[in-house]
Amino acid sequence: MSLTVYNTRTRRLEPFVSQTPGLVKMYVCGVTVYDYCHLGHARSYVVWDVVRRYLEYLGYDVQHVQNITDIDDKILRRAQAEGVPMQVITERYIQACTEDLARLNILPAKDTPRATETIPEIIQLIQRLETLGYAYASGGDVYYAVERFPGYGTLSGRSLEQMQAGASGRVDDEIAHKRHPLDFALWKAAKPGEPAWDSPWGPGRPGWHIECSAMIYKTLGPSIDIHTGGSDLIFPHHENEIAQSEPVTQKPLARYWLHNGFVTVAGEKMSKSLGNFRTIRDVLTEYAPMALRLWILQSHYRQPIEATPPALQAAQSGWHTLQQAVWLGDWDAVPTVPKDDLDPQVRTEFETAMNADFNTPAAVAVLFGVAKQLKRLAHSGNGHRHTPEFQRLWRTLVYLGQTVLGLKFDPPPASTPPQVPDISEEIAALIAQRQEARRQKNYAEADRIRELLAAQGIRLVDKPGGVTEWYRE
RNA sequence: GGCGGCAUAGCCAAGUGGUAAGGCAGAGGUCUGCAAAACCUUCAUUCCCCAGUUCGAAUCUGGGUGCCGCCUCCA
């Protein structure tokens with residue numbers, strides 16, 4: 001069976017066939033850099049990272065481009081609020097988001113174009129649209145005329161009439177300049193004090209949607225294989241991208257449109273406006289980055305996932321379980337595990353799952369199955385870890401987990417964890433006292449001391465050889 | 001109002017006609033004086049409700065109920 005993906009544009013599963021054999025052009029809608037990334041971003045970019053990794057596993061060269069929106073109303077507002085130049089804001093959050101995504105082991109895109117570095121191409125594209133009659137200048141702005149594009153609404157499955165009815169009552173300050181309420185800005189005239197670029201329509205800046213059309217054309221060409229983003233981008237953002245690009249190129253902007261479901265909180269979409277978001281860096285103070293990644297991959301990417309402490313905790317425990325199995329093998333070999341000689345049955349099960357529209361929950365379940373097998377083998381007798389069977393399963397787990405799903409395994413914990421040095425002499429004395437009591441089999445006294453220390457938040461762990469380790473709870 | 005999605009064990013979650021994956025938690029056990037850790041075993045006659053199609057339905061059809069999303073910036 002080969003890879004099948006759900007295409008938003010057709011609303012059905014379709015076999016994936018790239019335009020050029022062996023090559024996939026993939027564009028991921030990136031972040032607008034005006035704040036820290038939250039769990040919604042984490043989900044989206046983890047999911048697309050796995051899509052990329054799996055395509056590479058299948059042997060494709062993936063040209064993965066992810067843009068950075070570094071000019072936008074919200075950025076300007078933030079800069080104004082802080083009284084700093086726009087670049088201070090954008091640089092701060094570009095760096096922060098890059099760090100956050102790297103901690104989640106998300107591979108960097110091969111190209112990360114920025115809107116502010118694509119201005120000439122944006123202007124060129126708007127001019128083309130104007131020449132072709134799809135754009136009109138009005139009041140210093142330039143707008144896209146949605147009525148000129150017959151295909152408008154095909155991606156999101158709605159008609160202009162429907163949307164107009166729904167949008168009635170909504171008024172923005174641009175409405176006076178528009179011919180149709182759903183027309184959208186390609187170019188915005190600069191307001192005093194705002195960053196601006198010269199253009200045939202006067203100083204101004206690009207609208208939000210046009211940058212993606214221009215950047216795709218610039219970096220990947222007129223027609224790409226996969227375009228991805230959150231479901232909230234289907235309309236209007238991606239719809240508008242199509243409208244801006246296709247009249248000019250006369251080609252489908254993207255053959256496959258993939259969209260991920262939302263992260264929810266108490267059943268509602270996590271979003272800035274609702275104030276129910278948690279930033280990635282905040283969550284990572286409580287949970288391991290790979291636990292967060294596992295949590296994301298244990299749901300299908302198109303389903304909503306509810307961000308709750310029990311769910312994240314469960315992922316944390318599950319992550320530990322997987323790592324236990326990896327730690328049974330030779331850690332030094334982890335970075336260099338090759339793709340070949342994987343267990344054929346496991347490989348088939350894994351691929352069957354992933355081929356079904358990237359069914360990562362099923363794929364993860366396959367890996368848990370391998371982990372279980374490894375544990376059985378490891379605990380069933382001597383020499384087991386050196387058998388070819390064990391070695392192959394172990395390599396399979398490491399390769400599929402780490403390289404394809406991007407779950408980066410930690411080194412095994414040191415056999416003797418270092419004790420925290422701030423131990424007070426009193427505690428040390430009590431531990432010594434208890435060890436003496438144990439030696440004399442005076443367990444009542446030993447337990448008394450255990451409980452005494454437990455009351456102070458000190459937990460004791462007895463190891464073989466009469467060694468007692470301790471840590472604060 | 002228009003369009004779309006979802007409802008599976010205590011929690012999370014796969015599964016689109018052939019008799020319920022996986023994770024977490026729980027229970028029992030092994031090993032340790034106890035505890036912890038680790039490992040083993042176990043855990044849905046049933047898939048929101050009602051009716052229908054079928055030899056057979058969580059999966060298809062019709063009708064309900066509940067929840068969510070998009071239509072405005074948003075991953």
Side-chain angles (χ1 to χ4, degrees), chain A residues 8 11 13 28-32 34-35 37-48 72-74 77 153 156-159 161-168 170-172 182 208 228-237 239 259-264 266-274 277 294-295 297-300 302-306 308-322 324 349 353 356 359-369 371-372 375-376 378-380 413 438 441-444 446-447 450-451 454 459-464 468-471:
Chain A
T8 303
R11 271 179 226 87
L13 290 167
V28 177
C29 261
V31 285
T32 301
Y34 72 103
D35 203 346
C37 286
H38 58 65
L39 285 184
H41 298 103
R43 196 227 183 145
S44 193
Y45 299 119
V46 163
V47 158
W48 306 132
D72 154 276
D73 288 344
K74 292 188 289 295
R77 223 176 294 141
S156 52
R158 38 190 111 191
S159 68
E161 295 72 43
Q162 285 170 357
M163 287 188 284
Q164 199 170 352
S168 67
R170 294 202 190 277
V171 177
D172 57 50
L182 286 162
W208 174 37
T228 75
S231 303
D232 44 3
L233 298 184
I234 297 171
F235 189 91
H237 186 56
E239 195 72 72
H259 293 96
N260 64 277
F262 300 125
V263 173
T264 61
E268 289 181 310
K269 177 187 173 189
M270 177 177 284
S271 72
K272 299 269 175 169
S273 50
L274 285 170
F277 64 93
L294 183 64
W295 170 68
L297 296 180
Q298 282 192 291
S299 293
H300 184 83
R302 285 192 281 121
Q303 297 296 115
I305 39 173
E306 176 84 4
T308 62
L312 288 163
Q313 191 55 52
Q316 179 100 324
S317 301
W319 174 235
H320 184 69
T321 299
L322 283 179
Q324 291 282 350
E349 289 173 7
N359 190 338
T360 56
V364 168
V366 172
L367 296 191
F368 271 103
K372 188 163 213 164
K375 288 176 186 184
R376 280 214 184 104
H379 294 274
S380 64
R438 287 177 69 211
K441 299 202 187 293
N442 183 357
Y443 295 123
D447 289 346
R450 175 191 284 288
E451 281 162 34
R459 189 143 135 195
L460 300 181
V461 179
D462 295 326
K463 295 281 176 159
T468 297
E469 292 175 357
W470 68 277
Y471 58 92

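Reminder, nothing fancy here: chain letters follow the sequence lines and each chain counts from 1.
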Can you pull every protein N or O that's under 3.5 Å from an N or O on nucleotides 2-5 of chain B?
{"from": "G2(B)", "atom 1": "O2'", "to": "Gln162(A)", "atom 2": "OE1", "distance (Å)": "3.2"}
{"from": "G2(B)", "atom 1": "O2'", "to": "Gln162(A)", "atom 2": "NE2", "distance (Å)": "3.0"}
{"from": "C3(B)", "atom 1": "O2'", "to": "Gly157(A)", "atom 2": "O", "distance (Å)": "3.4"}

What's [X] touching, base or sugar-phosphate or nothing? Going by heavy atoms closer than 4.0 Å.
{"X": "Gly230(A)", "result": "sugar-phosphate"}
{"X": "Tyr45(A)", "result": "sugar-phosphate"}
{"X": "Leu233(A)", "result": "sugar-phosphate"}
{"X": "Asn359(A)", "result": "sugar-phosphate"}
{"X": "Val263(A)", "result": "base"}

Say we look at [N] and [M]: how far apart would their [atom1] atoms be, to the nearest angstrom?
{"N": "G22(B)", "M": "A9(B)", "atom1": "P", "answer": "16 Å"}
{"N": "C48(B)", "M": "C11(B)", "atom1": "P", "answer": "14 Å"}
{"N": "U61(B)", "M": "G29(B)", "atom1": "C1'", "answer": "49 Å"}
{"N": "G28(B)", "M": "A37(B)", "atom1": "P", "answer": "15 Å"}
{"N": "A13(B)", "M": "G69(B)", "atom1": "P", "answer": "16 Å"}
{"N": "A36(B)", "M": "A75(B)", "atom1": "C1'", "answer": "41 Å"}

Side chains of Gln324(A) and His320(A): is there a donor and an acceptor less than 3.5 Å apart? yes
What dot-bracket string describes RNA chain B from 5' to 3', counting Watson-Crick and G-U wobble pairs whose defining distances are under 3.5 Å, with [ ] for crossing pairs and | for pairs to another strand? ((((((((.[[[..)..(...]]].(((((.......))))).....[[[[[..)....]]]]])))))))....
Does C70(B) have OP1 or OP2 sitting under 4.0 Å from an N or O in the side chain of Lys269(A)?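 For C70(B), OP1/OP2 do have a side-chain N/O of Lys269(A) under 4.0 Å.
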To the nearest angstrom, how far is Leu297(A) atom CG from A14(B) atom P? 12 Å
List for me each residue that meets side chain to side chain donor-acceptor pair (under 3.5 Å) alongside [X], sequence neighbours excluded, and say none if there are none.
{"X": "Thr32(A)", "value": "none"}
{"X": "His237(A)", "value": "His209(A), Glu241(A)"}
{"X": "Lys375(A)", "value": "none"}

Earlier contact from the 5' end, RNA chain B, for Lys272(A) and Phe235(A):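 So the residue in question is Phe235(A).
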Looking only at heavy atoms, which two atoms of Ser231(A) and Phe262(A) are closest? And how far apart?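 Minimum heavy-atom separation between Ser231(A) and Phe262(A): CB-CZ, 3.8 Å.
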Take nucleotides 22-38 of chain B nucleotide by nucleotide from the 5' end and write B, S or -, depending on whether a protein heavy atom sits under 4.0 Å from the base, only from the sugar-phosphate, or from neither. SSSS-------BBBB-S
Side chain of Arg376(A) only, please: which of A75(B), C73(B), C40(B) is the nearest? C40(B)
